[in-house]
Amino acid sequence: MLILQRKRNESLSINNNVTISVMEIGTDWVKLAIDAPKEIPVLRSELKEAADENKKASVEVPQNVLNEIFKKK
(Lines give C-alpha, C1' and ligand atoms only; values in the text may rest on other atoms or scores of the structure.)
Protein backbone atom coordinates (compact mmCIF):
# COMPACT_ATOMS: atom_id res chain seq x y z
CA MET A 1 0.00 0.00 0.00
CA LEU A 2 1.24 3.44 -0.92
CA ILE A 3 0.24 6.32 1.35
CA LEU A 4 0.52 9.84 -0.04
CA GLN A 5 -0.21 13.26 1.33
CA ARG A 6 -1.83 15.77 -1.00
CA LYS A 7 -3.16 19.29 -0.47
CA ARG A 8 -6.21 20.92 -2.06
CA ASN A 9 -5.82 21.26 -5.85
CA GLU A 10 -2.99 18.72 -5.92
CA SER A 11 -3.32 15.43 -7.77
CA LEU A 12 -1.69 12.10 -8.46
CA SER A 13 -1.52 9.94 -11.57
CA ILE A 14 -1.91 6.20 -11.86
CA ASN A 15 -0.66 4.33 -14.91
CA ASN A 16 -0.76 7.46 -17.13
CA ASN A 17 -4.54 7.16 -17.61
CA VAL A 18 -6.06 7.80 -14.17
CA THR A 19 -5.77 11.11 -12.33
CA ILE A 20 -7.05 11.69 -8.80
CA SER A 21 -7.31 15.30 -7.66
CA VAL A 22 -8.11 16.72 -4.22
CA MET A 23 -10.92 19.23 -4.71
CA GLU A 24 -11.91 20.15 -1.16
CA ILE A 25 -10.93 19.19 2.37
CA GLY A 26 -13.25 19.29 5.38
CA THR A 27 -12.68 18.43 9.01
CA ASP A 28 -13.58 14.75 8.50
CA TRP A 29 -14.00 14.39 4.72
CA VAL A 30 -12.19 14.88 1.43
CA LYS A 31 -13.78 15.57 -1.97
CA LEU A 32 -11.88 13.84 -4.77
CA ALA A 33 -12.16 14.12 -8.54
CA ILE A 34 -11.26 10.95 -10.43
CA ASP A 35 -10.54 11.11 -14.14
CA ALA A 36 -10.39 7.61 -15.58
CA PRO A 37 -11.31 5.88 -18.86
CA LYS A 38 -14.89 4.58 -19.02
CA GLU A 39 -13.71 0.96 -19.08
CA ILE A 40 -12.14 1.34 -15.62
CA PRO A 41 -14.83 0.97 -12.94
CA VAL A 42 -14.65 3.50 -10.12
CA LEU A 43 -16.85 2.56 -7.14
CA ARG A 44 -17.08 3.67 -3.54
CA SER A 45 -15.97 0.77 -1.35
CA GLU A 46 -19.42 0.34 0.24
CA LEU A 47 -21.01 -0.06 -3.21
CA LYS A 48 -18.39 -2.60 -4.27
CA GLU A 49 -18.96 -4.56 -1.05
CA ALA A 50 -22.73 -4.57 -1.62
CA ALA A 51 -22.27 -5.72 -5.22
CA ASP A 52 -19.92 -8.50 -4.08
CA GLU A 53 -22.44 -9.64 -1.44
CA ASN A 54 -25.28 -9.62 -3.99
CA LYS A 55 -23.18 -11.70 -6.38
CA LYS A 56 -22.33 -14.16 -3.62
CA ALA A 57 -25.99 -14.43 -2.57
CA SER A 58 -27.11 -15.07 -6.15
CA VAL A 59 -24.65 -17.94 -6.49
CA GLU A 60 -25.94 -19.52 -3.28
CA VAL A 61 -29.59 -19.78 -4.43
CA PRO A 62 -30.47 -23.45 -4.94
CA GLN A 63 -31.38 -24.43 -8.50
CA ASN A 64 -34.85 -25.69 -7.49
CA VAL A 65 -35.69 -22.24 -6.05
CA LEU A 66 -34.59 -20.57 -9.28
CA ASN A 67 -36.69 -23.03 -11.29
CA GLU A 68 -39.77 -22.13 -9.21
CA ILE A 69 -39.18 -18.40 -9.65
CA PHE A 70 -38.85 -18.67 -13.43
CA LYS A 71 -41.81 -21.05 -13.68
CA LYS A 72 -44.11 -18.39 -12.17
CA LYS A 73 -43.25 -15.81 -14.84
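The number of heavy atoms from other shown groups lying within 6.0 Å of CD (Gln5) does not exceed 12.
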* **Verdict with reasoning, Glu68 to Asn64, per side-chain hydrogen bond (donor to acceptor under 3.5 Å, both in side chains)** => CA-CA 6 Å; Glu68 287 297 315; Asn64 64 331; over 6 Å; no
* To do: List the steps, then state whether salt bridge (charged side-chain N to carboxylate O under 4.0 Å, His left out) holds for Asp52 with Lys56.
  => CA-CA 6 Å; Asp52 290 345; Lys56 180 181 173 190; over 6 Å; no
* Kindly determine whether Val18 and Asp35 satisfy side chain to side chain contact (heavy atoms under 4.5 Å, CB included), including the steps that lead there. => CA-CA 6 Å; Val18 176; Asp35 184 19; over 6 Å; no
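Note on Met23 and Ile34: separate hydrophobic clusters, where clusters join Ile, Leu, Val, Met, Phe, Trp and Tyr whose side-chain heavy atoms are under 4.5 Å apart, directly or indirectly. Transitive grouping of hydrophobic side chains (ILVMFWY, heavy atoms separated by less than 4.5 Å) brings Leu12 and Val30 into a common cluster. The cluster map of Ile, Leu, Val, Met, Phe, Trp and Tyr, joined by side-chain heavy atoms under 4.5 Å apart, puts Ile14 and Leu2 in the same cluster. There is no path of hydrophobic side-chain contacts, each under 4.5 Å, that joins Trp29 to Val22.
With hydrogens and angles disregarded, a donor-acceptor distance shorter than 3.5 Å links the side chain of Arg6 to the backbone of Ser11.
In this structure, CG on Leu32 lies 11.0 Å from CD on Glu24, to the nearest 0.5 angstrom. Expressed to the nearest 0.5 Å, how far CG of Asn9 lies from CD1 of Ile25 amounts to 9.0 Å.
Residues Pro37 and Asn17 come closest through the heavy atom pair CD-O, 3.1 Å.
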